[in-house]
Trainee: 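This structure is in structure tokens; I'll ask about it shortly.
The figures that follow rest on heavy atoms only: side chains count, while hydrogens, waters and symmetry mates do not. Each chain gets a letter, A, B and so on, in the order the sequences are listed, and its residues count up from 1.
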Amino acid sequence: MNSSKLLQLAIPLVKSHGFTREALAQSVLHLPKPHREPLPDLSVTALFGRGDDARRTLVNAWLEDARFRMKEDTSGSTSMRRVLHSRLKLNEPVLAHLPEAFALLSTSSSVLPVDPLPLLKHTALVADQACWIIEPHAQEMSWYTRRASISAMYLAAELHQLTSPNTAESFLDYLLQNSGAAEKAVQEVALFGFYTFKSWKGIAKSSGVL
Amino acid sequence: MLPQLFQCARRPHRQCIVPRLLRNTHDGATPASSKSSGRTTSFGFQTVPEESKESLVKGVFDNVASKYDVMNDASSFGVHRLWKDTFVSTLKPGRKGPMRCIDVAGGTGDIALRILDHAREEYADRETTVEIVDINAQMLGEGFKRFKKTMYHNTPQVSFHEANAQELPMSLFKDNTYDLYTIAFGIRNCTSIPAVLEEAYRVLKPGATFACLEFSKVNNPLMSRLYDQYSFSVIPLMGTILAGDRESYQYLVESIRKFPSQPEFAQMIKDAGFATGAPHDGGAWTDLWGGIACIHTGVKV
């Protein structure tokens, strides 16, 4: 048996136990042939990692499960708004434990005291999955910029949800409505920058520097 | 090389007055008398009938028992102590209450002593027990002698049993009994690794941990070359000088090379019914010193 099966059993326990080693230990009580006692701490270490690494394993498993459920709930949908709303809704049962989960992810690096990369990776994966749900066969020039903008919007909405869960949906709607304007603004800045670069290059060539 | 080893196997035992030794010797077939089943296994780089591996390995360990610890220190420059310290400190015995541990192929008591010391020093636990099991009486004798110098001698915390890891007697080692099963640098000497793993699965309680410390494959090519050079040139030479026995140490070095790689052994542990971590370094196994030694863990679920 893989430890992934026990992780699957631990995910529903996050609501009551949080992202803790206790949730992982209790997972064996929900096997088809349940154990009489939770797993000892040594076994949790052997299967999932030492100390907070086991908790990070659980956090990553929960995030992956949430992406999967987002896909299941909204497959065939063409509305980015609906897809991202469904993902935010999945956060609601475990909202109280999420700040600690993100803190665990951010402190995973052995070099940096605070590492933003795991959190950015989480939002990037959500954005990628959402774009895939809307258009599975998309071939677009703006592949990365679209994902980057959705990822940033989702991150903002999720952080908003942690402090103000009731207004999170309307905040996300506001961001999505204005995203078109933001994307155009970025493109226009990029175009202007390109023109400026070409003109300076032309000046440099005509003055004999290049 | 083989005839010389048979001679070693027939050398009479030294009288080992060890009151706690419970003799449950498996009737290992000698090469001369067994009906060969045709199945073969590796004995170092040689291929031998399966029935004879046990007695050949017995011969090796009869020879090396008295100088085992000295040779370990010399050939690994004392690093084996670090590996064993890491192994036991990873397991943290005694952290959540007394544990019933079984240390298999643990003849000289290195791991057992570390387990008991760790439980006592870190967690003030004097109820954790370790049962040391080894097929070789000489090695058990050395372990018994070592424990006589400690505070655990004549206490229920340690006991010594002569038994075969592939067939632990059911009367002594009942199903679902132990909280921790350890085997350090011993499993590669067993004829059938799956049989050892099945026995480990049988005697462990549900939720308990199997932990194995063993030499393994070095993945870095440069380090692997250096390690091979050192193993095949220096270690048998040390065996000749320090212990007067080149062949036994040649076998020990060859048996390391024949042991399965980390992913293969992790799969064998899973096939025996254990749940393991993900199949990479840091998951189902942890490499020490680039893979020279490796700690594999599994949980009985």
Trainee: Which atoms of A:Arg50 are under 4.5 Å from chain B, going by heavy atoms: the side chain, the backbone, both sets, or neither?
Mentor: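 Contact with chain B: side chain only.
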Trainee: Donor-acceptor pair, distance only, cut-off 3.5 Å: does the side chain of A:Ser43 make one with the backbone of B:Val299?
Mentor: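 Not at all, since once roles are kept as given, no pair shorter than 3.5 Å links the two residues.
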Trainee: Among A:Asp53, A:Thr45, A:Leu42, which residue has the highest count of heavy-atom pairs closer than 4.5 Å to chain B?
Mentor: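 Heavy-atom pair counts peak at A:Leu42.
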Trainee: Is the number of heavy atoms from other residues, nucleotides or ligands within 6.0 Å of CD (A:Glu64) greater than 12?
Mentor: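 It does not: A:Glu64 CD has 12 such atoms or fewer within range.
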Trainee: Shortest non-hydrogen contact from B:Gly207 to A:Leu39?
Mentor: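 Smallest interatomic distance, heavy atoms only, reads CA-CD2, 3.5 Å.
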Trainee: Which heavy atom in A:Leu47 sits nearest to a heavy atom in B:Ala275, and how many Å separate them?
Mentor: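 Shortest heavy-atom contact: CD2-O, 3.2 Å.
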Trainee: Between B:Thr90 and chain A, which part of the residue has a heavy atom less than 4.5 Å away: side chain, backbone, both or neither?
Mentor: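 Backbone plus side chain of B:Thr90, per the 4.5 Å heavy-atom cut-off to chain A.
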Trainee: Heavy-atom distance under 4.5 Å to chain A: side chain of B:Lys300, backbone, both or neither?
Mentor: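 The answer is the backbone of B:Lys300.
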Trainee: Under 4.5 Å from any heavy atom of chain A, what part of B:Leu180 do you find: side chain, backbone, both or neither?
Mentor: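 The side chain, not the backbone.
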Trainee: If you compare all heavy atoms of A:His35 against all heavy atoms of B:Val301, which two are closest, and at what distance to 0.1 Å?
Mentor: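 Scanning both residues, the minimum pair turns out to be NE2-C, 3.4 Å.
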Trainee: Check whether B:Ala208 gets within reach of chain A through its side chain, its backbone, both or neither, counting any heavy atom under 4.5 Å.
Mentor: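 For B:Ala208, the backbone is the part near chain A, not the side chain.
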Trainee: Identify the heavy atoms of B:Gly277 and A:Ser3 that sit nearest to each other, and give their distance.
Mentor: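 Here B:Gly277 and A:Ser3 meet closest at CA-OG, 3.7 Å.
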Trainee: Does any backbone or side-chain atom of B:Ala211 lie under 4.5 Å from a heavy atom of chain A? Answer side chain, backbone, both or neither.
Mentor: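 No part of it gets close to chain A.
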Trainee: Please indicate whether A:Glu37 has more than 12 foreign heavy atoms, meaning atoms of other residues, nucleotides or ligands, lying under 6.0 Å from its CD.
Mentor: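 Not more than 12 within 6.0 Å, no.
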